[in-house]
Structures are given as structure tokens and as C-alpha cells.
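Take a look at the structure below.
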Amino acid sequence: MQYWLVKSEPDAFGIDDLANMPDQTEHWDGVRNYQARNFMRDEMKCGDQVFFYHSNCKEPGIVGIVEVVREGYPDHTAFDPEGKYYDPKSDPDRPRWYMVDVKLVQRFRQTISLSSMKTRPELEGMRLLQKGNRLSVMPIAPEHWQVILDLYRENIG
DNA sequence: GCCAACGTTGGC
DNA sequence: GCCAACGTTGGC
């Protein structure tokens, strides 16, 4: 079992949007970065636990936990010429982009803010905290996962 | 809205 | 294969 983090802009698709989906499940489409693609196509497995991160918003941070419920398969939004994720270089015979399905596990009552994570020496070295980091799907070390959960429990008292 | 950091593209 | 130009990400 592995741990991950995925980013999304709440204006585009936030954790509340996931909560409102049928079965609280949705495919994680639109990722157009090879490293992130490889994680989804090759490494994310059913049952893996994933932090849901809100980026590009008032209070960036982790807002909940989701779980992988379907492993990597072609991202069909790349095939739709009308869609904003269209990529003419990807077609059903030779798909370039992949996605997984995720299901909501828990919505945090309080955001674990990026700034609060930055104050934690135990989280030093986390990819998320590195300057200029733009990867939208990334692995999380088990010890970091635990530290972050502890942070959450402290916060909600 | 600004801007630094990054990934991709394309000319050479 | 190099690298400048460009578009995008994302914190602030």
C-alpha cells in the first residue's frame, strides 16, 4: 500500500465536488505531465490512500483523504476535440494520457494548510514543500503521511 | 495580479 | 542536441 497526494484547484474541482459525485467517486482526468502520468498509469494501486490538496486558492492545503478505486486507464478527455483537455497526439489506439478513479474517504473538518506544514521540521524534504514544485500527483512517504495525520488530530483537538 | 519556477516546443 | 521562447502552475 502506498500513499499519494493529488492537487486540484477548488474552483475547478474541489473536494466538495467529489463529495457530490455519484458514489463520491470520480476519474482524475486532465493530468498532462509525464511524471504524474507515470504514477497514475504504473504505480497507483487500488486501496492506496491519497491526500486531496487544494491549490491556487485562498488557503492552499490538504482538505481530505481519497482512495484509489480504479487503476490506471486511458484518459478519454484527451480524445475529445471539443474538450479543454484535448490532445491531438493521443488517440484510443495509442493513448498518451492516463487517469485513475478516486473515491472520497474523509473530508477534513479543517484544512491542513501549506503554511502549517512548512513549520514542521519532520516534513522537511517533502516534495510538496519544495520551492517551485508543480507536480500534481506525487508519492508521500509513510512517515510524512503519519505526521500530517497527527497534525490534523492536533488541530481539531 | 505578480512573478519565479518549471516543462515543452521548435528553430538551428 | 542545444537553448531561447513560450505557456502554465501556484504561492503570495
Side-chain angles (χ1 to χ4, degrees), chain A residues 2-21 26-44 48-66 68 72-102 104-141 143-145 147-152 154-156:
Chain A
Q2 276 193 273
Y3 297 108
W4 305 91
L5 179 142
V6 295
K7 292 181 190 170
S8 188
E9 302 190 13
D11 287 347
F13 187 82
I15 197 160
D16 291 336
D17 296 305
L18 181 61
N20 289 328
M21 297 302 294
E26 180 60 307
H27 41 262
W28 205 255
D29 61 39
V31 174
R32 298 291 179 266
N33 169 282
Y34 287 104
Q35 211 175 350
R37 188 272 316 261
N38 293 346
F39 286 139
M40 292 200 291
R41 187 189 59 187
D42 306 331
E43 297 193 45
M44 293 177 93
D48 282 2
Q49 301 290 111
V50 185
F51 282 138
F52 196 115
Y53 180 89
H54 279 175
S55 67
N56 215 350
C57 56
K58 203 160 190 178
E59 191 186 27
I62 296 169
V63 293
I65 296 173
V66 302
V68 178
Y73 63 107
D75 180 347
H76 56 75
T77 64
F79 308 145
D80 174 13
E82 307 298 316
K84 68 169 179 171
Y85 294 124
Y86 178 57
D87 181 353
K89 292 176 188 146
S90 186
D91 66 76
D93 292 332
R94 299 191 64 195
R96 170 175 295 209
W97 304 113
Y98 284 73
M99 60 190 180
V100 298
D101 286 358
V102 297
L104 183 64
V105 172
Q106 182 187 3
R107 219 178 338 173
F108 288 166
R109 282 153 52 196
Q110 204 176 78
T111 301
I112 306 171
S113 67
L114 178 63
S115 58
S116 71
M117 288 188 276
K118 280 181 174 168
T119 65
R120 287 294 170 141
E122 309 95 295
L123 295 179
E124 213 174 294
M126 248 187 99
R127 194 149 187 186
L128 179 71
L129 305 185
Q130 278 160 20
K131 192 176 171 184
N133 162 61
R134 291 170 42 178
L135 199 57
S136 65
V137 177
M138 71 183 81
I140 298 284
E143 56 270 29
H144 290 160
W145 179 276
V147 169
I148 290 166
L149 278 190
D150 291 345
L151 250 182
Y152 175 58
E154 276 174 38
N155 282 345
I156 61 171

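In the text below, chain A, chain B and the rest are named by the order of the sequence lines, each starting its count at 1. Computed from a prediction, not measured in an experiment: that's the story for all the values here.
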Checklist entry - A:D75 and A:R32: salt bridge (charged side-chain N to carboxylate O under 4.0 Å, His left out), yes or no, with the steps? => result CA-CA 10 Å; A:D75 180 347; A:R32 298 291 179 266; 2.9 Å; yes
Are [X] and [N] close enough that a side-chain N or O sits under 4.0 Å from OP1 or OP2?
| X | N | value |
| --- | --- | --- |
| A:Y53 | C:dT9 | no |
| A:K131 | C:dG11 | no |
| A:K58 | C:dG10 | no |

How many Å lie between [atom1] on [X] and [atom2] on [N], as a whole number?
| X | N | atom1 | atom2 | value |
| --- | --- | --- | --- | --- |
| A:E9 | C:dG11 | CD | C1' | 12 Å |
| A:Y34 | C:dT9 | OH | P | 15 Å |
| A:K118 | C:dG11 | NZ | P | 8 Å |
| A:N133 | C:dG11 | CG | P | 9 Å |
| A:R32 | C:dT9 | CZ | P | 11 Å |
| A:K84 | C:dT9 | NZ | C1' | 13 Å |
| A:M117 | C:dG11 | CE | C1' | 13 Å |
| A:L5 | C:dT9 | CG | C1' | 15 Å |

Checking side chain to side chain contact (heavy atoms under 4.5 Å, CB included) against [X], which of [options] comes through?
| X | options | result |
| --- | --- | --- |
| A:Y53 | A:P60, A:S136, A:S8 | A:P60 |
| A:L135 | A:Q130, A:K7, A:Q35 | A:Q35 |
| A:V68 | A:V6, A:D48, A:D101 | A:D48 |

Next on the checklist: If you define the side chain from C-beta out and look only at heavy atoms, does anything of A:I65 sit under 4.5 Å from A:L149?
Outcome noted: yes
Quick one: which protein N/O atoms are closer than 3.5 Å to N/O atoms of nucleotides 1-7 of chain C? Pair and distance per line, please.
none

Item to check | Residue mapping more 5' on DNA chain B - nearest nucleotide basis, A:N56 or A:R96 | outcome: A:N56
Item to check | Closest to the A:L114 side chain, choosing from C:dG10, B:dT8, C:dC12 | outcome: C:dC12
Checklist entry - So what does A:K89 touch, heavy atoms closer than 4.0 Å: a base, only the sugar-phosphate, or nothing? => result sugar-phosphate
Checklist entry - Hey, what's the ring geometry for A:F51 with A:W145, parallel, tilted or perpendicular (30° and 60° as the breaks)? => result parallel
Next on the checklist: Quick check: closest heavy atoms across A:S116 and A:S113, and the distance to 0.1 Å?
Outcome noted: OG-O, 2.8 Å
